[in-house]
There are 2 protein chains.
Amino acid sequence: MLELRHLRTISALHETGSVSRAARRVHLTQSALSHQIRVLQAYYGLPMIQRRGQSIELTDAGRQLAALAGKVLEEIQETERDIARLSQQACGSLRIVLECHTCFDWLMPLMDAFRRNWPEVELDLVSGFHADPLKLLEDGSADVVIGSEHGSRRDIVHHPLFRFEILAVLAPEHPLGAKRSLHAADFADTTLITYPVPEDRIDLISKVLKPAGIRLPRRTAELTVAILQLVASRRGIAALPSWGLKNYVEHDYVIARRIGTSGLWSDLYASTPSKTSTCPYMRDFLSTARSTCFATLEGIVPLK
Amino acid sequence: MLELRHLRTISALHETGSVSRAARRVHLTQSALSHQIRVLQAYYGLPMIQRRGQSIELTDAGRQLAALAGKVLEEIQETERDIARLSQQACGSLRIVLECHTCFDWLMPLMDAFRRNWPEVELDLVSGFHADPLKLLEDGSADVVIGSEHGSRRDIVHHPLFRFEILAVLAPEHPLGAKRSLHAADFADTTLITYPVPEDRIDLISKVLKPAGIRLPRRTAELTVAILQLVASRRGIAALPSWGLKNYVEHDYVIARRIGTSGLWSDLYASTPSKTSTCPYMRDFLSTARSTCFATLEGIVPLK
DNA sequence: AAAAAACTATGAATATCATTCATAGCCATG
DNA sequence: CATGGCTATGAATGATATTCATAGTTTTTT
C-alpha cells in the first residue's frame with residue numbers, strides 16, 4: 001500500500017534524476033530506494049523509472065506519482081503549519097547568522113517565502129562579523145548559523161545543508177585560464193580578492209595556500225558583484241562557490257577553473273541550539289532551505 | 001514523521017467517532033490506533049482527540065489532519081485510477097450479481113460513481129435468480145457476487161463488506177408492536193412478505209422460524225417499497241435490513257422491531273474470483289463500496 | 001446498586017517489513 | 001582496460017508498527 005515515504009522518494013527521484021542522489025536527499029541508502037521502487041512497481045504492475053544510460057527517468061506512471069507527490073507534500077506542509085499555529089509554536093524568532101557571504105544569493109528568496117508562511121515569527125539577519133558565531137546561539141542572541149561545522153558543541157545541532165565546490169575566478173584572458181585546474185603554486189604572484197573576513201575563514205587560503213606555504217596579498221569587497229568586478233578588471237583572482245558563477249561565466253564576464261585535481265569542496269550546515277531545532281517553524285525553515293537550494297543551486301551535492 | 005497510515009486512521013476516527021470502530025474499519029486493533037494517535041500527539045505536541053464520554057471527538061488539530069486526509073486520500077485514489085489506465089488494466093468487465101435485493105439501495109449510487117471513474121469498464125447487473133451465484137464467477141459469466149459467504153471455494157475470495165441487522169417490519173398498530181423484540185413464536189399465524197427467493201435465502205426463516213419448527217404462508221414482492229406497502233396494508237410481516245427502514249419508520253408508515261434478544265444479524269460479502277480480486281478497478285470498487293456504505297448506511301458494523 | 005458490556009490507554013512481547021550490508025553487473029570516461 | 005560512477009538484488013539486520021494482556025472509565029442493564 002502506498003505510503004508517504006514512497007511519495008517522498010519519487011519526488012526526490014524526479015528532482016535528481018538518479019537513484020543514488022535521491023537516496024542522499026532523503027537520507028537513505030541507494031539500496032533502500034531501489035527496494036522501494038521495486039515495491040511500487042509490483043504494486044502498480046508498471047515500471048516507475050527507466051534507465052537512461054547513466055541516470056534515470058521517470059516513466060509515465062512515475063510522473064503521475066511525482067505530480068501527486070508534489071501536490072500532497074505541499075498540502076501536508078501547509079497543514080503542519082496550521083497545526084503549529086494552533087499549538088502556539090508558530091511565533092518566536094529566527095535570527096540568522098551568515099558565516100558565508102555568498103549564501104545571501106539563495107537566502108533572500110527563502111526568507112521571503114518564510115515570511116509569508118510564518119508571519120508571526122520575527123525574522124532577522126544578524127549583521128556584522130563574528131569571530132565565534134556559535135557563541136551567539138549559546139547567548140541566545142541568534143537562532144541559526146549558516147556556515148561550516150566547527151566541531152560538536154553541547155546543546156548545538158548541526159543540520160547538514162549541502163556540499164558545494166569553490167572555483168577560482170579569473171579574468172577572461174587571464175594566462176592561467178589555459179589550465180583546466182589550478183594548484184597552489186599557480187596562485188603565486190597574484191592578489192586574492194575576498195570578502196572582508198579573517199584568513200582562516202577562506203577555504204582557499206586555509207586548505208590550499210597555507211598548507212603549501214604560500215602567502216598572497218589580499219583585497220576585499222563586501223558584495224559578490226564587487227568581487228567579480230575586481231576580477232574582471234584584472235585586479236586579482238577570487239574563489240567563489242560554483243553556483244553563483246554560472247551567469248557571469250556564460251556571458252564571458254569571467255572564467256572559472258577547478259582548484260586542485262578533484263576540486264575544492266566545502267560543506268554547509270545550519271546550526272541551531274538543540275532546543276529549538278525541533279520547533280515547527282525551524283523544521284520548516286530547514287526543510288525548505290534544503291529543498292529550494294537543491295532546486296535552484298546547480299552543482300551542489302547532498303551531504304552525509 | 002507523518003505517514004499515510006496516520007491519515008487513514010484519522011479519517012476513520014473522524015467518520016466513526018470512536019477508536020475501536022475506526023480500528024475495525026482500517027482492519028487494525030484498537031490498541032494499534034491508540035498508539036498511532038499517541039505518536040501523532042507527540043509529533044505535533046497537541047492532542048488529536050478528546051474523550052466525549054462514550055465516544056471521542058477530534059480536536060482542532062485533529063480536524064486539520066482529517067481535512068488533509070480527505071483531500072489527500074481522494075487525490076491518491078484519482079492518481080491510482082490514472083495509473084491503472086496507463087497499465088491498461090482499466091478496462092474489463094464488472095458484472096455484479098446481487099444475492100440480496102435490498103442492496104439495490106446503496107448499489108445504485110455506487111454504480112453511478114464507478115461508471116464515471118472507470119468509463120472503460122463494462123458495468124452490468126446480472127439479472128434473474130441464481131441457485132448458485134458463485135458458480136457464475138467460476139463460469140466467467142459474472143465478476144462479483146454481493147451476498148453472504150457460503151463457505152470457501154477454491155479460487156474465490158470473499159471480501160467482507162459489513163454486518164447489518166434484520167428487523168421485523170410491522171404495520172403501525174400491529175399488536176406485536178407492543179413488544180420490544182419479537183421471537184419465533186410471535187410470528188405464528190401471520191403471513192411473511194418477502195422477496196421472491198427460496199426460503200433458505202431468507203434469514204428469518206432459515207435462522208429463526210425453521211429451527212423453531214414454524215412454517216408460515218408467504219407472499220412475495222420484487223421491490224422493497226412494494227413489500228412495505230403490503231406490510232402497511234396489514235397483509236403480513238416482513239424482515240428487512242435496518243438501514244433502509246429509517247425513513248419509513250420516522251414517518252410512521254411502518255414500525256420496526258428487533259428479532260430475538262440480541263437481534264438477527266447478517267454478514268455481507270463481495271465475492272470475486274481470486275484472479276480479478278487484485279485488479280485496480282476491482283480494488284477501487286470494493287474500497288469505495290465499503291466507504292460509501294459506512295458513510296450512508298446507518299446501523300451497520302464493520303466485519304471481521 | 002451491582003453487574004455487565006461497552007469503550008480507551010498503556011507497557012511488554014511479537015511480528016512485520018523497511019533499511020542496510022555485501023555484492024555483482026552495467027555504463028561511462030580517461 | 002582499468003577506474004569510478006551508477007543500479008539491482010538476496011540475505012541479514014534493525015526499527016517500529018502491531019498485537020497481546022490488562023487495568024481504568026463510562027454507559028447500560030438487571
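Computed over heavy atoms, backbone and side chain alike; hydrogens, waters and symmetry mates excluded.
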Evaluate B:K71 against B:E75 for salt bridge (charged side-chain N to carboxylate O under 4.0 Å, His left out), listing each step before the verdict. CA-CA 6 Å; B:K71 223 182 337 176; B:E75 288 167 349; over 6 Å; no
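- Of the N and O atoms on the side chains of B:S271 and B:H159, not one donor lies less than 3.5 Å from an acceptor on the other residue.
- Between B:W265 and B:F164, the ring center distance fails the sub-6.0 Å criterion.
- Put simply, CZ on B:R52 is 12 Å from P on D:dT27, counting in whole angstrom units.
- Atom CE in B:M1 sits roughly 13 Å away from atom P in D:dA17 (whole-Å rounding).
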Taking distance alone, no hydrogens or angles, what donor-acceptor pairs closer than 3.5 Å link side-chain atoms of residues 30-44 of chain A to residues at least two apart or in another chain?
residue: A:Q36; atom: OE1; partner: A:T9; partner atom: OG1; Å: 3.1
residue: A:Y44; atom: OH; partner: B:E80; partner atom: OE2; Å: 2.4

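- With rounding to whole Å, B:L2 atom CG is found 15 Å from D:dA17 atom C1'.
- C:dT8 atom C1' lies 16 Å from atom CG of B:L28, rounded to whole Å.
- In this structure, A:R8 atom CZ and C:dT19 atom P are separated by 11 Å, rounded to whole Å.
- Atom P of nucleotide D:dT26 and atom CD1 of B:I56 are separated by 16 Å, given to the nearest angstrom.
- Here the side chain of A:Q36 is nearest to one of C:dT19, D:dT7, C:dT8, namely C:dT19.
- If you take CG of A:L40 and P of C:dT19, they are 11 Å apart, rounded to a whole angstrom.
- The pair A:E3-B:R8 counts as a salt bridge, with a side-chain nitrogen and a carboxylate oxygen less than 4.0 angstrom apart.
- At the phosphate of C:dT19, neither OP1 nor OP2 sits under 4.0 Å from any side-chain N or O atom of A:T29.
- Here C:dT8 presents its P atom at 9 Å from CG of B:L33, a figure rounded to the nearest Å.
- Checked for salt-bridge contact, B:E15 and B:R25 meet the test: a charged N lies under 4.0 Å from a carboxylate O.
- The existence of a salt bridge linking B:K275 and B:D155 is excluded, since no basic side-chain nitrogen approaches an acidic carboxylate oxygen closer than 4.0 Å.
- A close approach under 4.0 Å does occur between a side-chain nitrogen or oxygen of A:S18 and OP1 or OP2 of D:dT7.
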Within the sub-3.5 Å range, which N or O atoms of nucleotides 8-11 of chain D have a protein N or O partner, and how far apart are they?
residue: D:dA8; atom: OP2; partner: A:S34; partner atom: OG; Å: 3.1
residue: D:dA8; atom: N7; partner: A:Q30; partner atom: NE2; Å: 2.8
residue: D:dA8; atom: N6; partner: A:Q30; partner atom: OE1; Å: 3.1
residue: D:dT9; atom: OP2; partner: A:R38; partner atom: NH1; Å: 3.4
residue: D:dT9; atom: O4; partner: A:S31; partner atom: OG; Å: 3.0
residue: D:dG10; atom: OP2; partner: A:R38; partner atom: NH2; Å: 3.4
residue: D:dG10; atom: O6; partner: A:H35; partner atom: NE2; Å: 3.1

